[in-house]
Amino acid sequence: MLRFHNTLSNQLEDFHPLNGNEVKMYICGPTVWNFAHIGNFRSFTFGDILARYLRYKGYRVTHVMNLTDVDDRIINESAKKNISIDEMTAPFITAFWEDMDAIGNLRPDIAPRATEHVAEMIEIIQTLLDNGKAYESDGSIYFRITAFPEYGKLSKIKFEGNKVGGSERIDTDKYEKEDARDFALWKLVDKSDPAGWDAPFGYGRPGWHIECSAMSMKYLGETFDIHAGGIDLQFPHHENEIAQSEGATGKLFAKYWLHGEFLKIDNEKMSKSLGNEFTLRDIIGRGFKPLAIRYLLFSVPYDKQLNFTFENLKGAESTIDRLQDFKKRLQEAHLTDGINTDLQEKVRGFLNDFEEAMDDNLNTSVALASLHNLVREVNTALAHETVLTEDRSEILHIIDKYDSVFGIFGEAKEEILDAEIEKLIEERQEARRNRNFGRSDEIRDLLAEKGIILEDTKDGVRWKRK
RNA sequence: GGCGGCAUAGCCAAGUGGUAAGGCAGAGCUCUGCAAAAGCUUUAUUCAUCGGUUCGAUUCCGAUUGCCGCCUCCA
C-alpha cells in the first residue's frame, strides 16, 4: 500500500486517488528569471520520481508543472534591460527544459505559463470579490483572511506569538490592509506599465499565489490528488493557494500535500550571499555527469535535508558508473542455456523490497539499497557462471522496472567503434597472443588517451568510454 | 521572541524497544602477463551529551549542546 506523508494532516496516509486509478498532480515549477540551481532541481527530481513511481504502480498520471514567468524579479530585470517580459524569460525557459532533459526528469504533461492564464486568475479573483473573501484597497485586491477560518491548516502557523517581520524581511506593500496577514491577489499598476493586464477591477498584475490556483484547477479540476513543492513554499505560498482556491470553490483544493526538504551545501544553507549557490550548469561545467547529480539528489528521501558535497557527487558518479557497467556486462556475458529459478526468485525479492520502500513515502535510500543488493547477487552469480540465458532477460526486465523510476542507467545506445580503433584492439589481441606485452600495453595506453578503456574478461575484450 | 526538523563509521545515509541497510573512500584475498573490471572478506560493542522509564534504548520521555528551516512572495 502506497503511503505518503501528508503535510495537511502531518501524518502518514494511505494513498487513494479521488477517481479510480487516475492521479492528478501539480508541482510548483521554476520562476524563469535565471538558471535553476540544484536546490530547485532536487524538488523537480522529487516530483519526477513521484510521477514515475505512480506510473510504475499503474496509475494514469496527469503531471502539471507551472512556469512562473511574471514576478517582481522578472519585471525588474526586464525593465532594467528594457526588454519585454517574454524576451527576458524565453532563454531561461529553453535552458530549463535543457536542464530537465539532462538530469533525466521526464517532461510534465502540461507546463502552463502564468502570463497565459491571467484570464483564469481574474475569474477567481472576481469570484472572491463577489463572495466577500476579497476586498479592494487603494486599487489593489487583497484576500480577506478573516473570511477563511481554516487559514493556517497546512502550515499550522499560529499567528499569536509571531513577530511581525520576524524573518527580517520587509513588507513592500505600502497599501492599507485589513489584516497584516492579508495578501495581494491583484496589484494595481500604472497604466503606462507594460507588465500589466486589464481586469474588471482595474489595470494591474496578479499576486504570486493566484497563478497556481488558476492553473492547477484549470488542468486538474477544482479538487485534485497531489500538490507538491519545496518546503519553503508551504508557507505562505501553499497556504494562500488553499485559501484562494477553497475560498472560491468551497471545495477541498488538493487531497495530499507533499513537501520536499532543502538541499544544503557542505552542511550550510545554500545562498547567494554564502557564495555556495550552484546552478545545474555550473556543476555539469565542472565535468560531472548529469545522471550522477540526479542519483545524488534522490539518494536521500525527499522529506529529509540532503547534504550536497562534491566528494559525495564524485561517489555518486562512481556508483552510477558501476551500475551502468553492470548492466552492460550482463547484456554481453556469454551464458549457458537454461534457467536458474533460485536466482530469479532472489532478484524478484529485491524488486519487492524496492516497492515496499517506495510505498513507504518514497524511501529512495532503502529502494536504492535493494538495487545494490541485486547487483551484488547477480555479480556473484555471474562469477560462478550460474546466470543462464533465460535469467538474463528476466533480470534485465527487472532492471528496466527499477530504471523506469530511477532513470539512472542512461540510454542503451549501441556505440560503434571507429574502424581505426577496432583495428588497434585486434592488433593488441594479436600482440597478446604472441606475448608481446610491450606492444599490447602501448596500444592500451594509446586508446586510453582517446578515452577508451579496455578490460580483458574471460568473454573477450570489453571497452568503454571514460 | 513564537514554532518545527535534525544529530548514526573518514564522508553521505537507512533504520528499529531486543542489540546497527546501502553507497563512496580505505584494507586484504581471488582473478589477470600487468592492469582494469568483478567477486569474496573486512571497516561503528556503537548511534551528540547527561539523566529517566524498561528485563533491555540508538530507537520512548526530559534536559543540555550544535546544525537547519518557517514566521508574507526563496525549491
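Numbered from 1 within each chain, the chains take letters A, B, ... in sequence-line order.
- Candidate nucleotides B/G33, B/G23, B/A75 were compared by shortest atom distance to the side chain of A/Asp441, and B/G33 ranks first.
- Set against B/C11, B/A75, B/A13, the side chain of A/Glu311 has B/C11 as its closest nucleotide.
- Under the Watson-Crick or G-U wobble criterion, with both distances below 3.5 Å, B/C3 is paired with B/G69.
- Between A/Arg322 and B/C24, a side-chain N or O to OP1/OP2 separation shorter than 4.0 Å is present.
- Taking the charged nitrogens against the carboxylate oxygens, A/Arg432 and A/Asp456 do have a contact shorter than 4.0 Å, which makes a salt bridge.
- Relative to the side chain of A/Asp232, the nucleotides B/A75, B/G23, B/G33 differ in distance, and B/A75 lies closest.
- Closest to the A/Thr319 side chain, of the nucleotides B/C24, B/C68, B/A13, is B/C24.
- Side chains of A/Asn76 and A/Arg73: a donor-acceptor N/O pair is absent below 3.5 angstrom, by distance only.
- Checking B/C70, B/A21, B/A75 against the side-chain heavy atoms of A/Ser43 singles out B/A75 as nearest.
- Considering only side-chain atoms of A/Asn40, the nucleotide from B/C70, B/G23, B/A75 that sits closest is B/A75.
- For the OP1/OP2 pair of B/C6 and a distance below 4.0 Å, the side-chain nitrogens and oxygens of A/Lys304 include no atom meeting the criterion.
- With a cut-off of 3.5 Å on both pairing distances, the Watson-Crick or G-U wobble partner of B/A27 is B/U41.
- Remark: A/Lys264 is not in phosphate contact with B/G5, judged by side-chain N or O atoms under 4.0 Å from OP1 or OP2.
- Between A/Asn267 and B/C67, a side-chain N or O to OP1/OP2 separation shorter than 4.0 Å is absent.
- Phosphate proximity of B/G15 to A/Asn363: present, with a side-chain N or O under 4.0 Å from OP1 or OP2.
- Base pairing of B/A36: no nucleotide in any strand meets the Watson-Crick or G-U wobble criterion (both distances under 3.5 Å).
- With hydrogens and angles ignored, no donor-acceptor pair under 3.5 angstrom links the side chain of A/Arg462 to the base of B/A37.
- Counting distance only, with no hydrogens placed and no angle test, the side-chain atoms of A/Asp456 and the base atoms of B/C34 include a donor-acceptor pair under 3.5 Å.
- If you check distances only, the side chain of A/Asn373 never reaches the base of B/G22 with a donor-acceptor pair under 3.5 Å.
- Checked against the 6.0 Å centroid criterion, the rings of A/Phe92 and A/Phe35 qualify as a close aromatic pair.
- Checking B/C60 for Watson-Crick or G-U wobble geometry (two distances, each under 3.5 Å) identifies B/G52 as its partner.
- Dashed line: the shortest gap from a side-chain N or O of A/Ser365 to OP1 or OP2 of B/G15 is not under 4.0 Å.
- Considering only side-chain N and O atoms, A/Arg376 lies under 4.0 angstrom from the phosphate OP1 or OP2 of B/G22.
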